[in-house]
Engineer: 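Input: one structure, supplied below.
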Number of protein chains: 2
Amino acid sequence: MDEVPLETRELRYFVAVAEELHFGRAAERLGMAQPPLSRAIQRLERRLGVRLLARDRRGVALTDAGRTLLHEGRAALEATLAAGRRARRAGAEGGAGERLVLAVKAGAFHELLRKLLAAHAAEPGSAEVEVVPSGVCEQEEMLRDGRADVALLHVPPRSLAGFDSERLSTEGQVAVLPAGHPLAARASLSMAEVGAVPDLPLARWPGRDGFPPGPGPEIHDQTQLAQLIALGRAAAVFPESATSWLWSAHAAVPLVDAPEVAGHLAWPAHSRSRALAALVRTATRL
Amino acid sequence: MDEVPLETRELRYFVAVAEELHFGRAAERLGMAQPPLSRAIQRLERRLGVRLLARDRRGVALTDAGRTLLHEGRAALEATLAAGRRARRAGAEGGAGERLVLAVKAGAFHELLRKLLAAHAAEPGSAEVEVVPSGVCEQEEMLRDGRADVALLHVPPRSLAGFDSERLSTEGQVAVLPAGHPLAARASLSMAEVGAVPDLPLARWPGRDGFPPGPGPEIHDQTQLAQLIALGRAAAVFPESATSWLWSAHAAVPLVDAPEVAGHLAWPAHSRSRALAALVRTATRL
DNA sequence: CCCGCTGATACCGGCCGGGTATCACGACGC
DNA sequence: GCGTCGTGATACCCGGCCGGTATCAGCGGG
């Protein structure tokens, strides 16, 4: 009966409450007072005819419908953000040709990226490419919400569901250790050896919904990780090409049995940009 | 500076105007008067700081930014619709287990579908599956806007960009002709032979943005097509399994050089449903 | 037992979305 | 050339919603 889609504001409000599981904090995050937020969620529940939150007097929990709306609503919000961002960019360029935003994990792919940009610039009529460094595992979100048009990433960290991609190169992985550690002197290591050292737990990166379980420290960026490793408090496993940020206090040891990882160029599956197609074509010829 | 996403209403209005290229008709389609619509679009352009429409005194045209916003906005609206629909469905089931909506092109895959549903129902604890017939080439839109959770489709008609999929079976294609036509008596045909008969142009299906160019008649559903073929006014090429709707006035002749088409089970790439995963697992074991 | 914390309710004011009436301008007709 | 038509834009008004403050209602803990 209700054929009109949910309003963006309703989704934003619900996602905030569903993430915080607390009306007060969610309202603060949204920059508003708590009562209007409560009313908005009630109205949303009435509109959908469904209970989204189980108010339990000492907290808020998600119902099945709420979990569904959280997932789908996040995707919808990202798509909406992307629509605005990309339209704005398309208009701001004022006929000077499309401009592509390429997201690259900071510090990775130096060599591959240089070759790709050089080859692309050499193409006649190629679009300008703006390279933006991305946080860790943030590239896919940047593609989804329109902050980037195309990303250069290693494929295994997260699946490429929802994106088109082109494989560019394959490489091995290395263990990054403190330079003074006994294992750092080895010519090569196995995954089992690295995982079995209790004083060097493998650092954990945040996933979409918090950190994976494990003993290692929780880190958010390369600098934090670099410091922890230099201090002898952690180890990490990285693709070979992602090691250009290493300090002299670090050592990189090849891993003989780590899965190969591949550099991929990825972009939103529905993209129809000429400039993007040209960049991908250039990349496949490298 | 503007970090809030566009409102769903703004996107709906803009998409309507961009599709009609006429404020009055768009307003009528939206069930509102024209002046508020004009104002809303102006406000949207101000908010984005970008010109979306080139008003030209006797018509409206899309700028580059407008084209971008039309594409991205459609995707965002579909995602928003999907969020509401799926949340509503998830809640309406009231703990009776998930329910999957499977979209199937009407008349296709009879045998495969029977086997799949039987095998799935035989699994202990399997979710209920609701089969909804879909219009022609409509399945992907149904997945995107939440009317369906999973679809059974032939892969070549449109690319599966943005979806995960599992190949189920491969089959050849047949030419569907009027029973009395000379070619209908042949044991097999080639694509070239079918394409070269001037009195039997191949019917054209609507794509996302209108009909592909060509001489054939434009048809919207199987019944129209069946009638045109029975009248000797058109021919069509179909996968073998899609021919259960044929009349006695039709003849199906195998095509020796048509590309093989595969039946695929497809679902939104970001889906995380247990019930869906179980259905896919069952399907792969067929 | 009372205080603190949670979310819900009551009430109010301002803004914005939508409607009607009208305008400005170019295209056509005679 | 002038009237008419059709386009989108503007003017003005109203009602509803959106958000804010003040307050209430349960439940836990010291």
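Letters A, B, ... are given to chains in the order of the sequence lines, protein chains preceding strands, and every chain is numbered from 1.
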Engineer: With a 4.0 Å limit, can you tell me whether Gln42(A) has a side-chain N or O closer than that to the phosphate oxygens OP1/OP2 of dG7(C)?
Structural biologist: no

Engineer: Between Met32(B) (CE) and dC14(D) (P), how many Å, whole number?
Structural biologist: 20 Å

Engineer: Pro36(A) has a side chain; which of dG19(D), dG7(C), dG18(C) sits nearest to it?
Structural biologist: dG19(D)

Engineer: Taking the side chain as every heavy atom from C-beta outward, state whether Arg47(A) and Val4(A) have any pair of such atoms under 4.5 Å apart.
Structural biologist: yes

Engineer: What is the separation between atom CD on Glu7(B) and atom C1' on dG18(C), rounded to the nearest whole Å?
Structural biologist: 16 Å

Engineer: Rounded to the Å, how far apart are Arg39(B) CZ and dA11(D) P?
Structural biologist: 11 Å

Engineer: Arg43(B) CZ to dG8(D) P: how many Å, rounded?
Structural biologist: 18 Å

Engineer: Is it the case that atom CD in Glu123(B) sees more than 12 heavy atoms from other parts of the structure closer than 6.0 Å?
Structural biologist: yes

Engineer: So, taking the atom named CD in Glu128(B) and the one named NE2 in His120(B), what distance separates them when rounded to the nearest 0.5 Å?
Structural biologist: 10.5 Å

Engineer: Do Gln34(B) and Ser38(B) have side-chain atoms, one donor and one acceptor, less than 3.5 Å apart?
Structural biologist: yes

Engineer: Over how many whole Å does the gap from Leu37(A) atom CG to dC18(D) atom P extend?
Structural biologist: 13 Å

Engineer: Return no unless some side-chain N or O of Ser38(B) is found under 4.0 Å from OP1 or OP2 of dG8(D).
Structural biologist: no

Engineer: Measure from CG on Leu30(A) to P on dG20(D) and round the result to the nearest Å.
Structural biologist: 10 Å

Engineer: Between dG7(C), dG19(C), dA9(D), spot the one nearest the side chain of Arg55(A), thanks.
Structural biologist: dG7(C)

Engineer: Check this one for me: any side-chain N or O of His22(A) less than 4.0 Å away from OP1 or OP2 of dC5(C)?
Structural biologist: no

Engineer: Give the rounded distance in Å between these two atoms: CD of Glu10(A) and P of dC17(D).
Structural biologist: 12 Å

Engineer: Checking contacts here: which listed nucleotide (dG7(C), dG8(D), dG20(D)) is nearest the side-chain heavy atoms of Val60(B)?
Structural biologist: dG8(D)

Engineer: I'd like to know if Arg99(A) and Asp149(A) make a salt bridge, using a cut-off of under 4.0 Å between side-chain N and carboxylate O.
Structural biologist: no

Engineer: Checking contacts here: which listed nucleotide (dG20(D), dA9(D), dG7(C)) is nearest the side-chain heavy atoms of Gln34(A)?
Structural biologist: dG7(C)

Engineer: Between dC12(D), dT21(D), dG19(D), which nucleotide has the shortest distance from any of its atoms to the side chain of Pro35(A)?
Structural biologist: dT21(D)

Engineer: Could you state the CZ-P distance from Arg9(B) to dC16(C), rounded to the nearest angstrom?
Structural biologist: 12 Å

